[in-house]
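Reading through the structure tokens given below for one structure.
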Amino acid sequence: MKAFSLSAVGSIILAGTLLSTSSAEAAVINEATSNNYIGFIADEGPTKPVDPTNPDNPNPPSPIDPEDPGNGGTGNTGALTLDHASNIQFGTQKIMSGNTTYNAKNKDPFVQVSDKRGTGEGWSLTAKASEFKSDTGEVLTGAILSFKNGQVKSQTSNVSTPPTANDVVFDNTDSKVFMLAEVDAGRGTWLDVFSGTEGDNSNVQLNVLAGSADAQIYTATMTWELSDAPK
């Protein structure tokens, strides 16, 4: 009986010692701080066109637009660049007796801007369109080129506020605003994509007046301007 009592007392003392040790907080011996650094500069190199249907695609198709196979981008360099502007194809069409609207052949024509300045100053992209003229200098009188329902796109990881896009109708020679990035918006790479049906894209159209077309090829030139601040 005596031995049993001593053993039980010893067990109780051991348990108390373990409980006291585990509940005690460890003492802090030293403290220090450390810093982590990264610096940035503007990227002055060119930016290649990205996939207009999926800007996250690491392997964009080549050519980027089957209807515009020779267009590999502008190659512009600098911290703020216009990287790509599609050439619009309307194909060979029949001359109709009345006013006629022709749809573009391009499925996903687009323009692309990259802002790598790191300043958040904003930017604007505008364009002017010349008259449609033939090689002999004849004008396709009254022809109106239009772009509508543009989709503003970027990589899904881009946290910048997107620029805004506008429908554009070239009914005169005035400059038209395609995309506008306000202050602190439009950082990174942004596209304005006018997607539609392949071979029959109603989001890019050319309206031709009755009696204006001769049986020849007409070309209009679009002059793009990227400005380093909103307009």
Side-chain angles (χ1 to χ4, degrees), residues 42-56 60 63-65 67-68 70-89 104 106-132 144-196 201 203-206 219-231:
D43 180 6
E44 299 285 344
T47 301
K48 294 182 179 180
V50 302
D51 187 343
T53 62
N54 178 19
D56 290 317
I64 201 77
D65 182 350
E67 291 291 337
D68 190 16
N71 188 349
T74 64
N76 287 336
T77 59
L80 178 65
T81 52
L82 172 59
D83 308 317
H84 180 88
S86 292
N87 298 306
I88 306 301
Q89 308 290 342
N106 313 62
K107 182 181 179 183
D108 301 294
F110 70 102
V111 290
Q112 176 181 313
V113 172
S114 291
D115 183 359
K116 301 173 291 184
R117 294 172 295 175
T119 61
E121 295 178 54
W123 49 265
S124 62
L125 177 66
T126 63
K128 295 179 181 179
S130 71
E131 295 179 308
F132 278 81
I144 297 177
L145 177 65
S146 63
F147 296 77
K148 62 183 180 181
N149 300 321
Q151 302 172 56
V152 175
K153 297 183 179 183
S154 186
Q155 292 86 359
T156 55
S157 58
N158 191 337
V159 298
S160 173
T161 301
T164 57
N166 300 313
D167 289 354
V168 173
V169 178
F170 289 102
D171 51 2
N172 54 40
T173 57
D174 293 345
S175 181
K176 314 290 184 179
V177 179
F178 269 78
M179 283 197 292
L180 178 67
E182 299 288 355
V183 173
D184 288 329
R187 297 176 183 236
T189 295
W190 292 93
L191 296 81
D192 191 3
V193 188
F194 300 89
S195 294
N201 186 349
N203 287 319
V204 183
Q205 296 181 319
L206 181 64
T219 302
T221 299
M222 292 183 64
T223 302
W224 298 87
E225 293 184 348
L226 177 60
S227 301
D228 60 2
K231 286 187 176 181

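With Arg117 contributing its side chain and Gly122 its backbone, the two residues share a donor-acceptor pair below 3.5 Å. With Ser130 contributing its side chain and Thr221 its backbone, the two residues share a donor-acceptor pair below 3.5 Å.
No side-chain heavy atom of Asn106 sits less than 4.5 Å from a side-chain heavy atom of Val204. The closest side-chain heavy-atom distance from Phe110 to Ile64 is below 4.5 Å. When side chains are defined from C-beta on, Val50 counts as touching Leu191, because their heavy atoms get closer than 4.5 Å. Annotation: side chain of Asp65 is not in contact with side chain of Asn71 (no heavy-atom distance under 4.5 Å). For the pair Trp190 and Asp115, the minimum side-chain heavy-atom distance is 4.5 Å or more. In this structure the side chain of Leu206 reaches within 4.5 angstrom of the side chain of Phe132, judged on heavy atoms. Taking the side chain as every heavy atom from C-beta outward, Ser124 and Ser227 approach each other to under 4.5 Å.
Smallest separation of non-hydrogen atoms from Gly196 and Asn201: CA-OD1, 3.3 Å. Gly186 and Pro163 make their closest contact through CA-CD, 4.1 Å (heavy atoms, listed as atom of the first residue, atom of the second, distance). Scanning both residues, Pro49 and Pro60, for their nearest heavy atoms gives O-CG, 4.1 Å. Nearest heavy atoms, Glu121 versus Pro230: O-CD, 3.3 Å. Of all non-hydrogen atoms in Lys153 and Pro52, the two that sit nearest each other are NZ-O, 2.8 Å. Gln205 and Lys148 get closest at one heavy-atom pair: OE1-NZ, 4.1 Å.
Taken to the nearest 0.5 Å, the OG atom of Ser146 stands 8.5 Å off from the CG atom of Asp167. Remark: Leu180 CG to Asn166 CG distance equals 7.5 Å, nearest 0.5 Å. Separation of atoms CG (Asp68) and CG (Asp108) is listed at 12.0 Å; rounding is to 0.5 Å. Atom CG of Leu80 sits about 10.0 Å away from atom CD of Glu44, to the nearest 0.5 Å. Note that CZ of Phe178 is 11.0 Å distant from CG of Leu82, once rounded to the nearest 0.5 Å. Here Ile88 contributes atom CD1 and Glu67 contributes atom CD; the two are 10.0 Å apart, rounded to the nearest 0.5 Å.
Pairs passing the side-chain hydrogen bond (donor to acceptor under 3.5 Å, both in side chains) check and including a residue from residues 74-85, sequence neighbours excluded, read Thr74-Asn76, Thr81-Asp83, Asp83-Gln112, Asp83-Ser114, His84-Ser86.
Look at Lys176 and Asp171 and you find a salt bridge, because one of the NZ, NE, NH1 or NH2 atoms lies within 4.0 Å of a carboxylate O, short of that distance.
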